[in-house]
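Read through the structure below, which is laid out as structure tokens, and then see the notes.
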Amino acid sequence: TDPPLALTRTRYAGWWRGDSTAGAKRITYGVFGYPTLLSDMPTTGTATYTVRIAGRSIVSPAAGATAVDKLGGTATLSINYATGLVTLTMNLQRVTSGGNVTYGTFTGTGAIPVGSNQFTGSFGPGSTAGGTFQGLAYGSQAGEIGISFAISGAVAAGDSRAVGVVVGKKNVAS
């Protein structure tokens with residue numbers, strides 16, 4: 001439903017389930033679509049992607065009620081297909097009833113193994129908290145990308161967990 005991005009090979013979904021007995025909240029996000037054929041994966045050059053973020057955070061402050069908020073923000077993604085290096089930076093915000101609240105900056109690197117269309121990575125030094133991400137190339141020549149991520153640690157004035165996706169389309173070289 002994002003006309004400027006106009007994804008045709010990648011989709012995502014989110015599930016949220018509240019356990020009324022224990023009060024636990026279970027949230028999952030996933031990406032699916034038409035993966036890039038291994039024989040069609042780029043092996044040279046560097047690409048950047050125009051991306052969007054969707055997700056949820058659960059923040060449990062030392063005192064007070066647990067908050068479940070939507071996540072938004074901005075992200076940058078670049079992939080060096082010659083070396084397999086994937087670089088992801090997310091500047092996340094919690095979307096609350098009182099307005100957007102900074103959640104944190106998460107910078108990570110990962111790698112696409114030779115002969116693969118998948119990658120994994122982790123958020124490293126300089127990130128607000130730790131976490132991991134995994135992704136898959138979709139469409140012809142990795143024209144679209146789908147990444148799921150999980151974050152945990154001391155974020156936003158309390159113990160926090162976040163899950164979500166980053167989806168995007170390869171930028172055309174000018």
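None of the values given here were measured: they were computed from a predicted structure.
- Tyr49 and Thr76 form no side-chain donor-acceptor contact under 3.5 Å, judged by distance and modelled atom types alone.
- Although no hydrogens or angles enter the test, the distance criterion places no donor-acceptor pair under 3.5 Å between the side chain of Ser116 and the main chain of Pro113.
- Atoms CD1 and CZ, from Ile147 and Phe149 in turn, are 9.5 Å apart once rounded to the nearest 0.5 Å.
- In this structure a side-chain-to-backbone donor-acceptor pair under 3.5 Å is missing from Ser160 to Gly153.
- Atoms NZ and CZ, from Lys169 and Arg9 in turn, are 9.5 Å apart once rounded to the nearest 0.5 Å.
- The CZ atom of Phe133 lies 8.0 Å from the CG atom of Leu77; values are rounded to the nearest 0.5 Å.
- Taking the ring centroids of Tyr12 and Phe32, they lie at or beyond the 6.0 Å cut-off.
- Each salt bridge (Lys or Arg N to Asp or Glu O under 4.0 Å) pair with one or both residues in residues 131-145, not counting sequence neighbours, would appear here, but there are none.
- A donor and an acceptor atom, one from each side chain of Thr96 and Asp69, are nowhere located under 3.5 Å apart.
- Separation of atoms OG1 (Thr105) and CG (Leu92) is listed at 8.0 Å; rounding is to 0.5 Å.
- The main-chain N or O of Asn171 is never found under 3.5 Å from a side-chain atom of Thr48 such that the two would form a donor-acceptor pair.
- Atoms CE and CD1, on Met41 and Ile112 in that order, are 4.5 Å from each other to the nearest 0.5 Å.
- There is a path of hydrophobic side-chain contacts, each under 4.5 Å, that joins Val68 to Tyr29.
- Of the options Val51, Ile145, Ile53, Leu7, a side-chain contact (heavy atoms from CB on, under 4.5 Å) to Val167 is made by Leu7 and by none of the others.
- Annotation: side chain of Ile151 is in contact with side chain of Met90 (closest heavy-atom distance under 4.5 Å).
- Transitive grouping of hydrophobic side chains (ILVMFWY, heavy atoms separated by less than 4.5 Å) brings Ile27 and Val31 into a common cluster.
- Distance check, rounded to the nearest 0.5 Å: OH of Tyr138 to OG1 of Thr36 gives 9.0 Å.
- Side chain of Ser127 to main chain of Thr107: a donor-acceptor pair is present (N/O by atom type, distance under 3.5 Å, no hydrogens or angles).
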Go through the steps for Gln134 and Ser148 under the test side-chain hydrogen bond (donor to acceptor under 3.5 Å, both in side chains), then give the verdict. CA-CA 6 Å; Gln134 53 278 333; Ser148 59; 2.7 Å; yes
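- Applying the side-chain contact (heavy atoms from CB on, under 4.5 Å) test to Leu37 and every residue at least two apart in sequence or in another chain returns Ser39, Asp40.
- Looking at Lys170, its side chain does come within 3.5 Å of a backbone N or O of Gln141 through a donor-acceptor pair.
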